[in-house]
Structures are given as C-alpha cells and as structure tokens.
Amino acid sequence: YKAKTGRSGHHVYDSVDDSHGEIRLRTLAELRLALTDEQLVVHYQPKVDLATGAVQDVEALVRWNHPERGLLLPDQFVPIIEEAGLMHALTQVVLRQALDQAVLWHAQGRPLTIAVNLSASSLVDTELPDRIGAMISARGLPASLLALEITEEFLLNDRDRARGILTRLREQGIRISVDDFGTGYSSLSYLRDLPIDELKLDQSFVFPMAGDERAATLVSSAIALAHSLGLRMVAEGVDSGAAYDQLLGYGCDFAQGFHLSRPVPAAELDAWLADRRVADAESTLLLAAEPA
Ligand code: C2E
Ligand code: MG
Ligand code: MG
Ligand code: MG
C-alpha cells in the first residue's frame, strides 16, 4: 500500500500493520478506502431536555456503510482504526460531515449543537484546537454549535497537556463533555481542575436503575454531584418511559436513548423533530380545548 493523500491534504496512512490475520487486514485495507471514499456516514441521536422535551443538542455517531456487509457499528471498526493509528483521519471525516450538517441546520433556522466523539489518542495532538477552530471559521459557524465528547481515559494520560488542549478548545466556545462518566477508572480529581461543561452518565448506571435501590442512589448522587459543580448531566441509555420519568424525578438535565430516538441519518432526525412539534402543538390544543 502506498501512502495516499486524502481530501484534507493529510496523509491518511503510511504503513500497514499485518499482525492481525487476514480478515482484519482486509478490513483495514477496506477501511483505508472507506476513509477517503465517503463510505463513513454520520448518524445523529438527540439529547432531550428532560423537563421541557426540547432538543438543542445531538450526538454524531459514525457508521460504516460497507459495500457488501451493510451498515456497520463503531464497535466493528473503530478499534481497528485506532490500532492502525488512523484515528486522526476518522476524526477529520466525522468533524467535516458534522460541521457541514451544523451549517445546514443553522441555515434552516434550527441551530442544533452537534457533539463529536474524540478518542483519547486524537487528544494528544496539540494542533487539534487550531485545526478545529479553522474548520469552524471556514464555515462561518458559531463555535457554540460544536461540542466534543471525551472519555476519562484521555484525562488519565498527561493531565497538563489535556488541560491545555481542552482550555484552548473551550476558549473558542466549544463545549466539552465527559462521556461514559463513571466507567473510566479515573480519579474524580479532574472534576476540580479541568475545563468541562457536561457529564454523560454511562448507560451501565442507567439500565439497572429501575429495580435496584443502590443503582438508583448512584444515579441521583451523580446528578447532584454534577449540579454542585455547575455541570449539566446527560443520562445515556434511556430506553424506557420509566427510566425517563425516574431521571426527571432526580432532576437530571438531558436524556439520550432508544426510548427517544435511535441514532438516525440527519433527514430522519428532521422528520422526528417535525413529528414532535406536531404532537406538541396538538397536545397544547387539546389542553386549551379541555373544559374547565
Ligand atoms: P458513546 O459515545 O458512549 O455513544 C453512545 C452509544 O450508545 C451509541 O452506540 C448509541 O447508539 C448507544 N445508545 C444510545 N442510546 C441507547 C439505548 O437506549 N440503549 C442502548 N443499548 N444503546 C444506546 P454506537 O453508535 O454503537 O457507538 C458506540 C461507541 O463508539 C460510542 O459510544 C463512541 O465511544 C464510539 N464512537 C461512535 N462514533 C464515533 C466517532 O465518530 N469517533 C470516535 N472516536 N468514536 C466514536
Ligand atoms: Mg459519546
Ligand atoms: Mg457514552
Ligand atoms: Mg460508550
């Protein structure tokens, strides 16, 4: 394989790691193509304001539209990209698509903030803040329409470098969110000194919440902790109405999960948002028409 230059002008690969057997190698070869060939698509999942039902935020989740194997989920290919050292290329592809979509929504008078996932490895790159800043300003987009989701793993490595990178991103107006909160084997001390705006409580805490008092206590305490630090809390994996109501009772700010919407292409999200507005208007009408 020869090094190839992607549309962004960056080298998307230099070498092939052939230590993982034939299938993995084939997948990797296909992935290199996918990264330059628009086979990677971004789906969007809403973060719903629990108290009002409003949607101002969506998360961008990458999928691989494989020519033979169909739509593949991140678990099936992101680790291969990571191991091959191609994370930088994936991040560029997802950021580009997400920011283009943000421009569209913004132009349609629907300013949705899009959250893009960053892997720990893409965050050791001290040029990232400038590169992202340039991508935003090239599109004339308010930086507040981009959020970045990082994991606690990232914070484990080099705390000073992490702080520097996050500070430079946040100074531009980009929101920083800690993903999979509570699962990272990380000490909580980063909550004291790192510039972050939001915690996302991992779904492994949310799933057992209904039947398990200790699990429920963990959830409500994590929400209280976030609030006492001035952070907003998003619950992941809200897959039932009961979970939604329970989180609302705990004062959680946002919910994300299959109960609300699966991650879907932008056009489907548009339809989902339109349906909700109709349902909203109808229930308002019904309430207004109700006899006193
Ligand atoms: P994540 O960032 O924690 O994303 C949440 C995952 O939970 C998504 O899986 C989403 O589809 C799933 N999910 C949401 N609601 C529910 C629910 O109610 N029930 C259940 N069972 N699952 C729910 P997905 O899309 O397969 O992504 C998995 C992980 O892959 C993400 O976890 C993220 O760590 C990674 N990933 C996805 N897109 C990207 C990307 O563009 N770049 C990087 N670096 N990583 C990404
Ligand atoms: Mg995420
Ligand atoms: Mg998560
Ligand atoms: Mg996750």
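The residues of the chain are indexed from 1 along the displayed sequence. Counting starts at 1 for both ligands and their atoms, following the listed order.
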### Query
Under a 4.5 Å cut-off applied to non-hydrogen side-chain atoms, are V178 and L194 in contact?
no
## Note on the structure
Of all N, O or S atoms in E236, the one closest to the Mg ion (ligand 3) is OE2
## Note on the structure
On a heavy-atom basis, the closest approach of P79 and P74 is CD-O, 3.4 Å
### For S119, the ligand 1 atoms whose distance to one of its heavy atoms is below 4.0 Å
44 (N)
### Summary
Only residue of K47, K200, R262 satisfying salt bridge (charged side-chain N to carboxylate O under 4.0 Å, His left out) with E59 is K200
### Query
Do the side chains of M135 and L146 get nearer than 4.5 Å, heavy atoms only?
no
### Task
Mark yes when over 12 heavy atoms from residues, nucleotides or ligands other than Q56 sit less than 6.0 Å from its CD; otherwise mark no.
no
### Message
So for ligand 1, is D75 a polar contact partner (N or O within less than 3.5 Å, distance only)?
### Response
no
### Side chain, backbone, both or neither: D179 near ligand 1, heavy atoms under 4.0 Å
side chain
### Query
Which ligand 1 atoms, with their elements, are less than 4.0 angstrom from a heavy-atom of P263?
11 (O)
### Message
Does any N or O of ligand 1 fall below 3.5 Å from an N or O anywhere on L61, backbone included?
### Response
no
#### Entry: Proximal ligand 1 atoms for Q45, defined as those under 4.0 Å from one of its heavy atoms
14 (C), 15 (N)
### Query
Would one find an N, O or S atom of D202, in either backbone or side chain, under 2.8 Å from the Mg ion (ligand 3)?
no
## Note on the structure
The atom name of the N, O or S atom in D179 nearest to the Mg ion (ligand 3) is OD1
### Task
Determine, considering heavy atoms only, which of H259, H43, Q97, E236 sits nearest to atom 5 (C) of ligand 1.
E236
### Task
Tell me, please, if N117 has any N/O/S atom, main chain or side chain, under 2.8 Å from the Mg ion (ligand 2)?
yes
### Query
Just heavy atoms, cut-off under 4.0 Å: does F77 contact ligand 1 by side chain, backbone, both, or neither?
neither
### Query
Given that the side chain starts at C-beta and the backbone is N, CA, C, O, which of these parts of D202 lies under 4.0 Å from ligand 1, counting heavy atoms, or is it both or neither?
neither
### Task
Would you check if P67 and E30 make a side-chain contact, meaning some heavy-atom pair closer than 4.5 Å?
no
### Query
Mind checking whether the Mg ion (ligand 3) has an N, O or S of E149 under 2.8 Å?
no
### Summary
Looking at Q76, R63, E82, E149, the heavy atom closest to atom 25 (O) of ligand 1 belongs to R63
### Query
Can you find a non-hydrogen atom of K200 under 4.0 Å from ligand 1?
no
#### Entry: Donor-acceptor contact below 3.5 Å, side chain D197 vs main chain R232
no
### Query
Of all the N, O or S atoms in D180, which one sits nearest to the Mg ion (ligand 3)?
OD1
#### Entry: Lys NZ or Arg CZ of R159 over Y190 ring: under 6.0 Å, within 45°
no
### Message
If we set the cut-off at 4.0 Å for heavy atoms, which region of R262 has an atom near ligand 1: side chain, backbone, both, or neither?
### Response
neither
#### Entry: Residue E153 excluded, over 12 heavy atoms near CD under 6.0 Å
no
### Task
Any atoms of ligand 1 less than 4.0 Å from a non-hydrogen atom of V94? List them with their elements.
41 (O)
#### Entry: salt_bridge(R277, D280) N-O dist < 4.0 Å
no
### Message
For N117, which part has a heavy atom under 4.0 Å from ligand 1: side chain, backbone, both, or neither?
### Response
both
## Note on the structure
In terms of heavy-atom contacts, Y44 and Q97 come closest through OH-O, 3.8 Å
### Message
Counting neighbours of CD on Q108 that are heavy atoms of other residues, nucleotides or ligands and sit closer than 6.0 Å, is the number greater than 12?
### Response
yes
### Query
If you look at E59, which of its N/O/S atoms is nearest to the Mg ion (ligand 2)?
OE2
### Message
Can you confirm whether L86 sits close enough to L31 that some side-chain heavy atom of one is under 4.5 Å from a side-chain heavy atom of the other?
### Response
no
### Query
In ligand 1, which numbered atoms sit nearer than 4.0 Å to a non-hydrogen atom of G257?
15 (N), 18 (O)
### Task
Give yes or no for whether the N/O distance cutoff of 3.5 Å, strictly under, is met between F258 and ligand 1.
yes
### Message
Does this structure show an ion pair linking R168 with D130, if we count only N-O contacts that are shorter than 4.0 Å?
### Response
yes
